Amino acid sequence: MLGLALLALLVWRQGRAGWGLLAISLAGALHTLVPVSTLVEQTPVFGDRVDCRLEGAVVGLVDDRADRRRFTFSVHAARAAHPDDRVATRVCQQLLPSGRLKLSDYTRPPERIELVAGVGYDLIARLKPLRSHANPGGFDYRRYLFRHQILATGYLRDRQPIVLGRASGWRAQIDRWRDGARSLLQESLAVAERRTADGPLSAGAALLHGLALGDRGELSDRQWEWLLATGTNHLLAISGLHVGMVAALAAWLVRVGWGRLPISRGWPAQRVAALAAVLAAWSYALIAGLSIPTLRAALMLTVLLLGVLMQRRWRLLDLWLIAFVLVMAIDPFAPLDMGFWLSFAAVLLIIVMIRGRAGLWRPWEMLRLQWLLTLGLLPLTWGLFDRVAFASLPANLLAVPLVSMLITPLALLTLFVATLSPAAAAWPAWVIDGLGQGLFAVLAWLVAVFPDSNHAPPGPLALALFALGVLWLGLPRRFPGRGLALLLLLPALLVGSSRPSPGQFEAVVLDVGQGAAVLLRTARHDLLYDAGPRFGRFDTGEAIVLPALRALDVSQLDRIVISHAAMDHAGGLASIRAAFPQTEVIGPLDSRFGAVGQTRPCRHGDEWMIDGVRFSLFRAPRGSANDRSCVLRVAGQSGALLLTGDIEAAAEQWLLRHARLDAETVLVPHHGSTSSSTAAFVAATGARQVLVSAGFLNRWGHPRAEVVARWRAVGARVWRTDRYGALLLEHGQVRAERSGQWPFPWRRSAWLHSALTP
């Protein structure tokens with residue numbers, strides 16, 4: 001691959017850009033194919049949890065929180081915890097050699113043993129097959145695991161892992177240094193908190209850890225949402241701008257002081273400064289964990305400054321291309337990282353936009369460059385994140401100079417001082433917290449004034465035309481055709497997503513784990529049935545439901561119907577109400593779930609028509625909370641859908657006498673529990689398609705095999721979210737979000753697991 005990449009660069013230098021790009025693409029594909037296929041084959045496929053005795057080392061920093069710890073574990077030796085378990089023996093052996101796991105530890109802080117990056121441990125872990133929620137929009141956790149070459153996930157079974165000592169290798173050495181540096185920063189923050197007595201320095205901790213070490217574990221969910229909504233999240237990833245700034249500062253200091261040293265004779269200051277800049281860039285990149293932006297910036301600076309040492313000048317486009325090829329060569333899985341495309345796209349846009357321009361450091365030129373960069377990255381961010389951050393331009397105009405020129409140098413100064421005296425480092429940490437509080441306050445205000453768009457990205461063709469139009473507008477003024485460039489923007493701005501015809505409806509049963517959330521769509525309105533669960537810090541309303549609504553182009557909800565006041569059905573309601581505060585909520589709720597104002601109870605027999613679709617509510621008057629679930633029947637021209645909440649046998653019998661239950665499609669009651677789906681109820685629905693919303697390997701075993709068999713016995717096809725992801729009902733037919741595997745190899749093991757289970 002390296003030879004092909006060098007050939008591609010040679011062709012590029014000869015002026016044949018098209019052939020060069022073709023060779024680069026071929027080189028990247030060939031280089032990625034082998035490790036990807038190897039990882040797919042090494043990933044173990046199994047149908048249930050297994051216990052393994054593992055020896056290995058912690059890789060990277062531990063995400064340490066009060067309720068749990070999460071870390072990456074590199075396996076050096078593995079065996080089944082129970083030797084007579086053949087499946088566990090096969091799975092544990094398949095983790096070798098050097099497989100990686102993502103493990104959690106739910107031991108409470110007083111009983112925890114310290115886990116240190118770069119240190120080896122002997123432990124017992126319960127492993128689960130790789131799986132993630134599959135929904136329109138949102139974060140693809142399975143792709144994240146595949147990108148980081150994780151073979152399985154799990155959690156610790158023993159409370160006291162055995163410490164084996166320091167792991168070998170330069171990466172382990174860096175991990176230990178980063179872990180020690182994080183401890184020093186935490187100590188400095190603790191000293192600052194005691195001195196000021198103002199409570200936790202949350203803004204200072206987030207910025208200090210993020211900018212000094214590339215560790216985003218201290219960021220709160222609200223702070224991260226502010227960064228995303230304003231398009232400033234790139235600043236907390238230690239961008240290439242920060243690496244370049246550190247390198248420039250090192251070069252300037254060496255160049256100023258070099259002539260005063262006795263050994264400076266015969267060594268030109270320019271070359272020594274270039275060497276110092278390269279060393280500073282790589283040092284900062286290593287401290288930050290070699291993320292994609294830092295690796296790209298360090299490689300570009302290395303090639304550029306090697307040219308200074310060799311007295312050779314490089315074109316900026318050549319530097320970009322060399323960095324692109326080398327990052328692919330070093331990390332074949334890098335293209336699965338969104339930061340890879342954003343980082344290289346941003347630099348390429350800057351190269352194109354500054355060509356032939358003078359006076360770039362003038363304020364109006366910097367403003368223009370930031371505006372064009374924001375506009376130029378809009379198609380990519382729109383397509384990757386399903387959102388348009390309208391506050392991006394003013395937020396970046398404030399945040400980029402503040403973070404890059406002031407907060408980042410202070411963070412590095414704090415880190416340096418903390419290695420000498422954590423108490424002395426408390427003062428710059430306190431200053432960073434003050435600046436950070438001001439920054440986050442402004443970002444929160446900008447989000448309120450310029451809320452990000454809830455519109456889904458357009459189709460691939462419209463998005464490609466939009467990107468071409470934006471690039472055209474960013475070219476120097478001598479290029480003609482600005483009017484045509486504006487026309488290219490129109491399809492993405494004017495063409496909306498398709499909706500059902502009047503009298504028709506669509507339903508999306510979201511994959512929210514052990515819970516329920518169903519979006520119902522008519523010609524002009526959207527309704528939500530249940531809001532997804534909340535388990536501790538993980539709120540599916542915020543993490544899954546809202547991104548799915550954004551991806552499906554839902555800008556307003558007509559109603560929210562909550563089946564009953566249970567955390568697995570109403571846990572995400574508060575987040576959804578915050579996004580849609582004027583939406584009426586129907587259901588038996590209380591203030592625990594954010595149902596305040598515009599809330600009315602579910603009344604048996606209530607009906608309404610929207611766009612030719614009839615909505616009917618049914619509810620048993622007595623029984624358990626499950627039995628009093630609010631049942632919703634939706635009827636349109638292509639059939640009916642029955643949404644049943646958690647009703648059990650008693651409610652089913654009552655509804656058989658007092659409600660119309662026939663429906664071509666049914667959401668199985670109580671996630672497929674044996675307490676529901678009685679034979680009489682199953683027969684009364686006459687369902688041909690059955691949908692099950694259940695968590696992957698949930699502890700209740702839902703849906704139970706006898707329940708699935710009962711529905712299949714009447715000729716219904718069973719669709720499960722734990723197997724197929726989100727389920728989409730269109731024109732009376734069901735299709736699954738995880739229906740196709742190609743070209744997504746990270747979904748293959750999940751599909752194989754589905755094939756192994758009934």
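Side chains included, hydrogens not; waters and symmetry mates left out as well; all remaining heavy atoms used. Only a predicted model underlies this, so the values are computations on that prediction, with no experimental measurement involved.
Using the six-membered ring where Trp is involved, His569 and His671 have ring planes that are tilted, between 30° and 60° apart. Using bins of under 30°, 30° to 60° and over 60° for the plane-to-plane angle, the ring pair His133/Phe538 lands in the parallel bin.
The pair Arg720-Asp511 fails the salt-bridge criterion, with no side-chain N (NZ, NE, NH1 or NH2) lying under 4.0 Å from an Asp/Glu carboxylate O. No salt bridge links Asp105 with Arg70; every basic N to acidic carboxylate O contact stays at or beyond 4.0 Å. Ion pairing of Arg182 with Asp64 is absent here, as no side-chain N (NZ or NE/NH1/NH2) approaches a carboxylate O to less than 4.0 Å.
Defined by atom type and a distance below 3.5 Å, a donor-acceptor pair is missing between the side-chain atoms of Glu542 and Ser575.
Between Ser693 atom OG and Asp530 atom CG the span is 9.0 Å, to the nearest 0.5 Å. Rounding to the nearest 0.5 Å gives a distance of 5.0 Å between CD of Glu652 and CD1 of Ile647. The structure places CZ of Arg142 at 9.5 Å from OG1 of Thr153, a figure rounded to the nearest 0.5 Å. Atom-to-atom distance recorded for Leu103:CG and Phe71:CZ is 4.5 Å, nearest 0.5 angstrom. With values rounded to the nearest 0.5 angstrom, Thr721 atom OG1 is found 9.5 Å from Leu691 atom CG. Here Arg100 contributes atom CZ and Ser74 contributes atom OG; the two are 6.0 Å apart, rounded to the nearest 0.5 Å.
The backbone N or O of Pro129 sits nowhere less than 3.5 Å from a side-chain atom of Arg49 that would complete a donor-acceptor pair. When atom types are taken as modelled, the side chain of Thr540 and the backbone of Arg534 share no donor-acceptor pair closer than 3.5 angstrom. A donor-acceptor distance shorter than 3.5 angstrom exists from the side chain of Tyr529 to the backbone of Gly645, with no hydrogens or angles considered. A donor-acceptor pair is defined here as one N or O able to donate and one able to accept, closer than 3.5 Å; no such pair exists between the side chain of Arg521 and the backbone of Pro500.
Applying the 6.0 Å contact sphere to CZ of Arg90 captures more than 12 heavy atoms from other residues, nucleotides or ligands. More than 12 heavy atoms of other shown residues, nucleotides or ligands fall within 6.0 angstrom of atom CZ in Arg69.
Between Thr72 and the choices Lys102, Gln149, His148, the side chain to side chain donor-acceptor pair (under 3.5 Å) rule is met once, by Lys102.
Figure legend: Arg717 and Trp719 shown as a cation-pi pair, the cationic atom lying under 6.0 angstrom from the six-membered ring centre and within 45 degrees of its axis.
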